[in-house]
Amino acid sequence: MDKRTLEVIAEGDGAYLPVDPDDFRDAVGRKTRKLVSKVMTAEEAIARFVADGDYVVWDCNYLQRGPSALIREIMRQRKTKLWAGGKFTWVAVALLVEAGCCDRADMGFFMGGPGMNRAILEGRFTVYEYSNVVLTVRLRAGAMGVTFLPVRSLGGTDNFRYSGAKLIEDPYTGQPTVIVPALNPDVAIIHVHQADVHGNARIFGAGITDVESALASKKVILSAEEIIETEDIRHNPGLTKIPYYAVDAVVHQPFGSYPGECPGCYASDTEHVAEVFTAMHSDGLGEYLQKWVYDFSSEEEMLGKRVGLARLRDLQRRATVREGFRP
Amino acid sequence: MDKRTLEVIAEGDGAYLPVDPDDFRDAVGRKTRKLVSKVMTAEEAIARFVADGDYVVWDCNYLQRGPSALIREIMRQRKTKLWAGGKFTWVAVALLVEAGCCDRADMGFFMGGPGMNRAILEGRFTVYEYSNVVLTVRLRAGAMGVTFLPVRSLGGTDNFRYSGAKLIEDPYTGQPTVIVPALNPDVAIIHVHQADVHGNARIFGAGITDVESALASKKVILSAEEIIETEDIRHNPGLTKIPYYAVDAVVHQPFGSYPGECPGCYASDTEHVAEVFTAMHSDGLGEYLQKWVYDFSSEEEMLGKRVGLARLRDLQRRATVREGFRP
Amino acid sequence: MMPTTRMMRSGPWKEAPVATSFADREFQVCVTARLVEDDRTYWVAAGGGPMYTVLLAKRLYAPNAVYVTEDGIVAAEPILPLDPVMTVVAAKPSYRALQWTTMNGIGDHCAVGYLDYGILNTLQIDPYGNINSTWVGTYPTVGRRVNGPGGADSIAAMCPRTILMTDHQRRKFVPRVDFISSPGYLDGSAGARQRVGLPRDTGPWAVVTSWAVFDFDEATRHMRLRAIAPFVSLEQVLDEMSFRPLLPEHLEILDPPTEEELAIFRSTMDSAGQFSDASSHWVVQEDDRWVMVAK
Amino acid sequence: MMPTTRMMRSGPWKEAPVATSFADREFQVCVTARLVEDDRTYWVAAGGGPMYTVLLAKRLYAPNAVYVTEDGIVAAEPILPLDPVMTVVAAKPSYRALQWTTMNGIGDHCAVGYLDYGILNTLQIDPYGNINSTWVGTYPTVGRRVNGPGGADSIAAMCPRTILMTDHQRRKFVPRVDFISSPGYLDGSAGARQRVGLPRDTGPWAVVTSWAVFDFDEATRHMRLRAIAPFVSLEQVLDEMSFRPLLPEHLEILDPPTEEELAIFRSTMDSAGQFSDASSHWVVQEDDRWVMVAK
């Protein structure tokens, strides 16, 4: 091709987190490379590494091997004005909105209910429209250190109109091509099966975008079902999904995905799942949060008093499928 | 940004494999989704799936967990006019040029010697300039089904001038950004530790771009140290790197990386490695090919007669590091 | 002849004992399962009708159909029934897969063309197969927020053929969707999808409701009625749509569910009745005629 | 003060017994090892001087320096010595790593800024630290093909600080490289690297040869001599360069290798002598003075 310009055919008008890969590199440059222990409580990790106004992304979700305990701690600490990366997340965004923590979200998939609907119509909560895969592609761009990526979807939808996507003349084929802006969240919260104290982390089973979320985010908080020795990491480096230098905090949080499932460790609490869905659809999330979050100063207290050891044991017993979810 | 065009600031003038993702999708659409056995000999696989003029990419290289046996079979069958993806490959390109199989290559890293130099100066062999990582990024673009990807390297070099890269005004930041064209090779040849008969493949240890090469290529030939049961695959799906539907042929090829190392299986034949380097630098690759390739009708014959069982056993014995290279 | 017609006309179910009492949504799953091609790859929306459909088809009609889900699970042999909503990133639906990858991973598989069919649910659908699952009303100021596209946008954009499932209700078949969450043929014009960057030779292939099956006219890309259930009339079908589909030269009458289809569906998929409870109608056979009663 | 100076001036080697006989290339590795910062991440060209350097530094001066290689091996504790050329995608150099990823994986780690330093070999270098490892002569018609950039282009482009290693020979220090394989400061103008898309705050940081250490002037980005070996004169150093570097206000004299440095290097890295055999000179101490003899 000898033409010297490319046409920008169309652009979405949705706000998006500003794209500045060199600024992100500066933030990464300030993180330690030392193999020091980053183990701390959920309370300390959220207090230190989640600031009001941050863009927060989590991997998986409140019901499925997500950092449910860390999400509850964010609400317990009454963080405000968070921008949520709402890819494939059933109820978490609705909870954060109900708790007053979140005033906007990039949409992939989440459920709302009357509470979120009021927040939208009253202008307390704004949604920018993408899809699950397009949001994971945006995180992938952030994890590659580039400013954007082309995608073969999103074009022609109203998501495109209310997003940060652009339709440009392809530099190589001349055909219309959709591109989406890189996403470098302020903080990623990720639940993993195993991590060492430095943050080298293992995740078993299918997933959404754990690795990309970790590499794309300025701050990374891991909650881990199990803390393992760095010796174990070194004996099978192929199992390490997230490298320690990307990690700022390691929270030892057994049942950190409760009420969701952590595959190979425990099943989901189906009664609790039904309760949160019912609460969401019947405008009862306030009571839900009081019962499951605000009434307790910590996850340990909630699990011990509200769920109870017998119930936790039962959830572990119900995790009958183990193969592939252990080293 | 409300500007409607993007400036193309500079463009390399190197030829590159034409970018046509929809054409690639058509090729992928013609591949079977059936769980049928794709096991065949190296001879049959190369005869059926490597055509004269094809763009051929291999992962790793002739000395390091690469498809060395398949590369020798390509030379044995005297394929011609191949375009080689020369990322991180010590001697393989020089061998293919000496054998008359290859008339151009995209350069990442390879060694030449007098033979290749003559071929270049006499116009029998053309090189287009990239780098190892940029070639793996081009394959990644091909594996994502997109037409190009941005990169934070290559700019300012003479590689850029002799490549298919472009320097464009970034659609999001307005800053100069380098983009490189997607690469969808005609055929990928990849050596793996384990595969089932359908092509579900496991690779252990560090690697270059196995998965991207497989997903980006129209035809995929695997050589496997070991054929395992599909039952084994299903018992640990997290170990599967390459999905069966991307694979056209599975060649059971123990010592398929000889004279290179296959980590956890056998060490490299250091004498052979020295021999091929010496031959390359002293213009002796013709003799090398006669001795190690043309004198034999198959890999089995070469390994049995030229290397010998005792030597092979010794190479296995020298593979003392096993941890992490086994399920 | 469209594959849909061949598939509707003949199959093992012709010889099987017919069910005499079922929800119209159960009928929808059975009919969709009969459209599943063997030896093809499917990206199914995780959970609900789409996943039930491919699981039922694999049991009865297309044992070698392969499906993936958006969490990157390839060709699983799940342990059924699944826990409510626990259809992705969970142990039972992941069981005995051939590969576990990620959402970006499976998005790549689809982008390069390895996934032949998609199966989706729709909240609203228009004559060109555009889907709304984002907003009911006037976006974003009047009405109600729904879930968003989830993985459906990628499936509808990149799979060569997409099967859309929806209840047969007037509010679902609208002349214009309130919001295009996932692309159909857009305005129906030739090349409309490629003009916005979508891959060539992709788009909606069939729409299966609780009462009827539709495809899309090759020339106009407008939705076309192809077949109706034995328990409804053409008038009933059209009356429950807010736009008029094209009509076929020959209208097929769909076969009712078989006892076997329902037994498998009810015991291993809809075991808690969560799916059929949402049906609008119940169908029973009373001396050789079908009677449909609103629930 | 530039880190290079601090590092050259003080260190544990000051107290260690000095070697009295060594190849100038061995000196180069020891000097470079002393420039390695503890608790920093390094992307090293696999094999040869760069890898020897970081391994030697980890043994003696920077135990917590972390290095990666282009095959995606993070923080290995390799089994030494390594087999010839088997420095990547091999078992011994991979041993006890914290992570095994891929070339694209490690490229991402570098692109987002996790890799602080790069260490590279160079065939030709110019006053602005541009590197040629592709072609000697007039590309592509006259002269000789070399190896190509390999991973060096990515390292030189994306690491905040790059250390360049080369033999101290006139043909290596050229006013203009025949081919820019990996970027230095390009034409030396302000913002030259960002104008071609390279990340901010990156570029060559030091050049270490078998005889001297250079850095780059902050204002002009022109190569500047900082220190020379105790066994060469300033004149010898300048005489073996085809361009004249900037000269420092104060010229440092580098400490010779220690016996410990050489013992470790010779026993665990250069055990076959493949590296030092390529040295141009041998250095011996004869009554308190250093004598350098051409090999």
Q) Under 30°, 30 to 60°, or over 60°: which ring-plane class applies to A:Phe325 and C:Trp100, parallel, tilted or perpendicular? A)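 Parallel.
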With a 4.5 angstrom heavy-atom cut-off, which part of [X] approaches chain C: side chain, backbone, both or neither?
X        : result
A:Val137 : both
A:Ile168 : neither
A:Met111 : both
A:Val211 : neither
A:Arg318 : side chain
A:Tyr162 : side chain
A:Gln175 : neither
A:Leu167 : side chain

Q: Rounded to the nearest 0.5 Å, what's the gap from CZ on C:Phe179 to OG1 on A:Thr157? Could you check?
A: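 These two atoms lie 7.0 Å from each other.
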Q | Straight-line distance of C:Leu198 CG to A:Thr177 OG1, nearest 0.5 Å | A |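 It comes to 10.5 Å.
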Q) Using 4.0 Å as the upper bound for N to carboxylate O, is an ion pair formed by C:Asp108 and A:Arg140? A)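 Salt bridge: yes.
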**Q.** Closest non-hydrogen atom pair between C:Ala91 and A:Glu261, with its separation
**A.**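 For C:Ala91 and A:Glu261, the tightest heavy-atom pair comes out as N-OE2, 2.6 Å.
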**Q.** Heavy-atom pair with the smallest gap, counting every atom of A:Ser268 and C:Asp83
**A.**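 For A:Ser268 versus C:Asp83, the nearest heavy atoms are OG-OD2, 4.2 Å.
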Q.
So which residue, A:Val134, A:Asn61, A:Thr126, A:Ile120, ends up with the most heavy-atom pairs under 4.5 Å with chain C?
A.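 Counting heavy-atom pairs under 4.5 Å, the top option is A:Ile120.
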Distance-only, no hydrogens or angles: does the [X] side chain make a donor-acceptor pair with backbone N or O of [Y] under 3.5 Å?
X        : Y        : value
A:Glu129 : C:Gly148 : no
C:Arg145 : A:Gly113 : no
A:Asn117 : C:Gly143 : yes

Q.
I'd like to know whether A:Ile208 forms a side chain to side chain contact (heavy atoms under 4.5 Å, CB included) with C:Asp71, so could you lay out the CA-CA distance, the side-chain angles of the two residues, the decisive distance to 0.1 Å, and finally the verdict.
A. CA-CA 5 Å; A:Ile208 305 302; C:Asp71 51 343; 4.0 Å; yes
Q) Yes or no on side chain to side chain donor-acceptor pair (under 3.5 Å) for A:Thr136 and C:Asn104, after CA distance, side-chain angles and deciding distance? A) CA-CA 6 Å; A:Thr136 60; C:Asn104 271 324; 3.0 Å; yes
Q: Please examine the side chains of A:Gln64 and C:Val88, heavy atoms only from C-beta on, and report whether any two atoms are closer than 4.5 Å.
A: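 The answer is yes; the side chains approach within 4.5 Å.
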Q) Mind checking whether A:Asp158 and C:Tyr139 have side chains closer than 4.5 Å, heavy atoms only? A)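 Not in contact.
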Q: Verify the neighbour count for atom CZ of C:Arg176: are there more than 12 heavy atoms of other residues, nucleotides or ligands below 6.0 Å?
A: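 Atom CZ in C:Arg176 is not packed in, count stays at 12 or less.
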**Q.** Over 12 non-hydrogen atoms of neighbours within 6.0 angstrom of CZ in C:Arg96
**A.**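 More than 12 heavy atoms, drawn from other residues, nucleotides or ligands, come within 6.0 Å of this atom.
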Q: Kindly indicate, with the supporting measurements, whether the criterion side chain to side chain contact (heavy atoms under 4.5 Å, CB included) is fulfilled by A:Thr209 and C:Thr102.
A: CA-CA 6 Å; A:Thr209 178; C:Thr102 64; over 6 Å; no
